[in-house]
Trainee: 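Mind having a look at this structure? Questions to follow.
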Amino acid sequence: EEQSQDIDAVRAAMEDQKSQVLLANSLRNTVGATDAAIAGTEDYITVLQKQVSVTDDELRPALSRLVAATGSIAGGQELLSTALNVSAASGADLATSVGAIIKASAGQFKGLKTLVPGLSNVTIKSKNYGKALEEVNKQTAGAASKRAQTLEYRLKGLNIAYGEILETLGYALLPVIEKFADVITTKVLPQLEAWIAANKDKLAASLDTILTKLPALIIQVFDLFDYIQRNLETIKVLGALLVSTFAAAKVYAGVIALSS
């Protein structure tokens, strides 16, 4: 059980590490974020995750998309708050809410209207994105925080907290795993490659021999089974004769033993 927990911890840490790396790369590429800005963003996500009981693995890609759409980390964070409220109020997942908001910024309001039915048709017809956000924020304000207070999301929050503990344990084990991977990469695989390179002709010849002889062997096996099938009754009679002969020999030996 402890070994299974260690495996889960390492897996959780690897997934979290990948999620962090992808967000950091996206922020550098889209807005030229510095290491300090990226670290600050991670702190923001850590706090937000606890506040709304939504995993950081969901928050990071959502923020990445919104930063790319707005061109700034601050703008992305502001829209992420909106997307979380829309998600909570509508029951849609966070990715769907983010997608609807991004499409609305391009003048496509259908998805956002589906998630927030109270969005006025007048605003939609005007294609006024700023006005639409004002209405959406007003109608969904506080939804994510209220949802986090429900029993369902309090339990999700506990599960997230447990996951964070696993990730902490996993991060402690990652150096050991990385060292093992380095040994495999730098020592084991090169030796294996060298051995295969030196013996590839012999391996190929052996395999060719096996493949050459295998069909004949299979044919012989099938011939044997065919012979047994065709002579099954004879084999049965022969078996019975052998058993009878063996029994008669035992009786004869017994009679000789008694007479002497």
Side-chain angles (χ1 to χ4, degrees), residues 5-88 92-102 105 133 136-137 140-149 153-182 185:
Q5 189 177 50
D6 288 344
I7 293 172
D8 290 342
V10 171
R11 185 180 294 114
M14 290 172 64
E15 288 297 320
D16 188 69
Q17 184 187 56
K18 181 177 72 174
S19 177
Q20 288 189 35
V21 168
L22 291 175
L23 174 60
N25 186 64
S26 175
L27 294 179
R28 288 192 183 98
N29 291 340
T30 54
V31 296
T34 63
D35 291 343
I38 291 169
T41 301
E42 281 297 330
D43 291 339
Y44 158 79
I45 287 175
T46 298
V47 172
L48 185 61
Q49 174 181 243
K50 294 177 181 178
Q51 290 177 342
V52 298
S53 294
V54 175
T55 66
D56 50 13
D57 288 340
E58 294 176 82
L59 294 173
R60 288 191 187 103
L63 180 60
S64 177
R65 294 172 65 191
L66 292 169
V67 168
T70 61
S72 74
I73 293 177
Q77 291 177 353
E78 184 177 350
L79 285 186
L80 180 56
S81 178
T82 299
L84 284 165
N85 284 330
V86 170
S87 172
D93 58 53
L94 181 58
T96 299
S97 299
V98 168
I101 290 172
I102 291 175
S105 69
L133 282 183
V136 168
N137 284 328
T140 64
S145 296
K146 291 295 183 182
R147 182 180 65 178
Q149 296 171 14
Y153 272 76
R154 285 166 61 193
L155 292 176
K156 283 188 177 182
L158 291 175
N159 190 52
I160 289 172
Y162 175 70
E164 291 296 303
I165 293 173
L166 276 185
E167 287 177 8
T168 301
L169 173 61
Y171 273 111
L173 295 174
L174 279 185
V176 179
I177 304 299
E178 289 174 348
K179 185 176 180 180
F180 173 75
D182 184 61
T185 302

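We number each residue from 1, following the sequence as shown.
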Trainee: When rounded to the nearest 0.5 angstrom, what is the spacing between OG1 in Thr140 and CG in Leu84?
Mentor: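 Between atom OG1 of Thr140 and atom CG of Leu84 there are 10.0 Å.
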
Trainee: Under the side chain to side chain contact (heavy atoms under 4.5 Å, CB included) criterion, do Gln49 and Glu58 qualify, and how do the steps go?
Mentor: CA-CA 9 Å; Gln49 174 181 243; Glu58 294 176 82; over 6 Å; no

Trainee: Provide the closest heavy-atom pair for Val31 versus Gly71 in the form atom of the first, atom of the second, distance.
Mentor: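 Looks like CG1-O, 3.2 Å.
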
Trainee: Sequence neighbours left out, what passes side-chain contact (heavy atoms from CB on, under 4.5 Å) with Ala143? Give chain and number order.
Mentor: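 In terms of side-chain contact (heavy atoms from CB on, under 4.5 Å), with neighbours along the sequence ignored, Ala143 is linked to Asn85, Ala88, Ala89.
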
Trainee: Quick one: side-chain hydrogen bond (donor to acceptor under 3.5 Å, both in side chains) pairs with a partner in residues 22-41, sequence neighbours left out?
Mentor: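 Every pair satisfying side-chain hydrogen bond (donor to acceptor under 3.5 Å, both in side chains) with a residue in residues 22-41: Ser26-Ser64, Arg28-Asp35.
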
Trainee: More than 12 heavy atoms of other residues, nucleotides or ligands under 6.0 Å from CD of Glu78: is that the case?
Mentor: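 No, the 6.0 Å shell around CD holds no more than 12 heavy atoms from other groups.
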
Trainee: Using the side chain to side chain contact (heavy atoms under 4.5 Å, CB included) rule, take Ile101 and Val136 through it: C-alpha gap first, then chi angles, then the decisive distance, then the call.
Mentor: CA-CA 10 Å; Ile101 290 172; Val136 168; 5.9 Å; no

Trainee: Output the distance between atom CG (Leu133) and atom CG (Leu79), rounded to the nearest 0.5 Å.
Mentor: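 Reported value, rounded in 0.5 Å steps: 6.0 Å.
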
Trainee: Checking Thr70 now: which residues fulfil side chain to side chain donor-acceptor pair (under 3.5 Å) with it, not counting sequence neighbours?
Mentor: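 Thr70 satisfies side chain to side chain donor-acceptor pair (under 3.5 Å) with no other residue.
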
Trainee: What pair of heavy atoms forms the shortest contact from Ala95 to Arg65, and how long is it?
Mentor: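 Taking Ala95 first and Arg65 second, the nearest heavy atoms are O-NH1, 3.3 Å.
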
Trainee: Hey, could you give me the CG/OG1 distance between Asn159 and Thr55, rounded to the nearest 0.5 Å?
Mentor: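 The CG atom of Asn159 sits 9.5 Å away from the OG1 atom of Thr55.
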
Trainee: Test side chain to side chain contact (heavy atoms under 4.5 Å, CB included) on Leu23 and Glu42; report intermediate values, then the result.
Mentor: CA-CA 9 Å; Leu23 174 60; Glu42 281 297 330; 3.9 Å; yes

Trainee: Looking at Ser53 and Tyr153, what are the two nearest heavy atoms and their distance?
Mentor: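 Heavy-atom minimum between the residues: OG-O, 3.1 Å.
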
Trainee: Within this structure, what is the CZ-NZ distance for the pair Arg60 and Lys18, rounded to the nearest 0.5 Å?
Mentor: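 These two atoms lie 12.0 Å from each other.
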
Trainee: May I have the step-by-step check of side chain to side chain contact (heavy atoms under 4.5 Å, CB included) for Gln51 and Leu48, ending in yes or no?
Mentor: CA-CA 5 Å; Gln51 290 177 342; Leu48 185 61; 3.9 Å; yes

Trainee: Are Tyr44 and Leu63 side-chain neighbours, meaning at least one heavy-atom pair lies under 4.5 Å?
Mentor: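 Counting from C-beta outward, Tyr44 and Leu63 do come under 4.5 Å.
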
Trainee: Measure across Ile45 and Leu59 and return the closest heavy-atom pair with its distance rounded to 0.1 Å.
Mentor: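 Taking every non-hydrogen atom into account, O-CD1, 4.0 Å.
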
Trainee: So which atom in Asn137 and which in Thr82 form the shortest heavy-atom distance, rounded to 0.1 Å?
Mentor: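 Smallest heavy-atom distance, with atoms named: OD1-OG1, 2.7 Å.
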
Trainee: Shortest non-hydrogen contact from Val98 to Ala83?
Mentor: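 It is CG2-CB, 3.8 Å.
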
